[in-house]
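Below is one structure, written out as structure tokens; comments come after it.
As the structure lists them, so they are numbered: ligands from 1, and atoms in each ligand from 1. Keep in mind that the numbers below use all heavy atoms, side chains included, and drop hydrogens, waters and symmetry copies.
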Amino acid sequence: MIIKPRIRGFICTTAHPAGCAASVSEQISTVQAGGDIADAPKRVLVLGCSGGYGLASRVVSGFGCGAATIGVSFEKAPSEKKTGTAGWYNNLAFDAKAEAAGLYAKTLDGDAFGDVMKQSVIDLIKADLGQIDLLVYSLASPVRQHPKTGVLHRSVIKPLGETHHVKTINVDKGEVFETDFEPADEEETANTVTVMGGEDWEFWVDALNDADVLADGFSTVSYNYIGSDLTWPIYWHGTLGKAKEDLDRAASDLRDRLKNVNGDARVATLKAVVTQASSAIPVVPLYASLVFKVMKDQGVHESVIEHIDRLFREKLYGDMHGKYDEAGRIRNDDWELTDKVQDAVRELWPRVNTENVMELSDLAGFRADFLRIFGFGFSGVDYDADVSPLGVPN
Ligand code: NAD
């Protein structure tokens, strides 16, 4: 089959196996170029390992730290006639590359919110690794079936309190426009916290701790976005922000409960990047296109893998280990949030419109990054070749 991108709104319904393999290889090369990471964990569990920040964390763990990794994700397998999801191919490629490098890597596919997956992971750790040193929590999902009640909760991306009039973009058409976002009600807000808040992270850590598979000095990190006042109405001060605020509560509670293993739990705030999850958030693609342009001009732009490499190398395990903000978080969004970057974006924000968006922003870069998530746009991949959708890790 000849696989081309088929974009529907903010998703692409096809993915290219060889392109996804090229993406994983490129990420591995980026990490290897920085050399080995000192004092690094050797047994790592990554939840949400198949794309975005989770995949980058797995690549840095494996190829920067030399760690054995277990990954968990929820992806769709391909058939003879239909491509699988990008994450499916990324996992295939990662496992093959890890095996070739002599690194232990096992990937489990299924619902991480459920008790069955938690037990499967515990059994696997006991059988193969004994214990783990690091858990990266990088799930991003619009729904969660609660393991205790069976209720299916759906998150919403809405502001809180009042209707917000915001500027946003249709990425496909390049149309910049203003629109009203109605606020969430209490039930929608509570559901969003149930899906994206800290409870599942706590369930994971508690289950692993109870099963005695956490090594002495174990640590866990969960990813967050705060951003700047330009996106606060729809993100940090909205339903997603409420859910993410709950991570701070969970981190603090977990630190208490991890004393038995001298453990640590931290929220790490990261920069805005193009992933499947972030593309679906209104305002963020316009903000990201502007911030990419500014950060590239100022020489401080990072790709997903570069950002996570810096997080591990400097903040989780390097010189800046132990430096936290007032809420106890690791701040890796520091480059995005400098006054120099934010003032430049704030200056562009009122001026950007449909006519000048290609010039004032890096919408082209945003679109390219979006296609790359699905394995399109990698040099060295023949996109006109007839390939099997079943996956060809190389
Ligand atoms: P992503 O969409 O690229 O990846 C999400 C991962 O979660 C995938 O591996 C997917 O398979 C997995 N997943 C989803 N539902 C699952 C389920 N039920 N069971 C098992 N696995 C499941 O997302 P991302 O943007 O990398 O987000 C990861 C984390 O990083 C989130 O906490 C997000 O808030 C945070 N973050 C993202 C950005 C950004 O700009 N993208 C910025 C800062 C922080």
Original post:
For ligand 1, what are the residues with a heavy-atom contact below 4.0 Å?
Top reply: Gly48, Cys49, Ser50, Gly51, Gly52, Tyr53, Ser73, Phe74, Glu75, Gly110, Asp111, Ala112, Phe113, Ser138, Leu139, Ala140, Ser141, Tyr223, Asn224, Tyr225, Tyr235, Lys244, Leu270, Lys271, Ala272, Val273, Thr275, Gln276, Ala277, Ser278

Subject >> side chain to side chain donor-acceptor pair (under 3.5 Å) pairs, two or more places apart, involving residues 61-78 >> reply: Ser50-Glu75, Arg58-Thr69, Ser73-Asn91, Ser73-Asp109, Glu75-Thr85

Subject >> Lys/Arg cation over aromatic Tyr324: Arg329, 6.0 Å, 45° cone >> reply: no

**OP:** May I ask you to check if Lys244 and Tyr223 form a cation-pi contact, with NZ or CZ under 6.0 angstrom from the six-membered ring centre and within 45° of the axis?
**Re:** no

Original post:
Take atom CD in Gln32; do more than 12 heavy atoms of anything else shown fall under 6.0 Å from it?
Top reply: yes

Original post:
Residues in side chain to side chain donor-acceptor pair (under 3.5 Å) with Glu347, at least two apart?
Top reply: Arg351

List, one per line, each side-chain donor-acceptor pair under 3.5 Å for residues 370-383, sequence neighbours excluded.
| from | atom 1 | to | atom 2 | distance (Å) |
| --- | --- | --- | --- | --- |
| Arg372 | NH2 | Glu26 | OE2 | 2.5 |
| Asp382 | OD1 | Asp384 | N | 2.9 |
| Asp382 | OD1 | Ala385 | N | 3.4 |
| Tyr383 | OH | Gly375 | O | 2.7 |
| Tyr383 | OH | Gly377 | N | 3.1 |
| Tyr383 | OH | Phe378 | N | 3.0 |

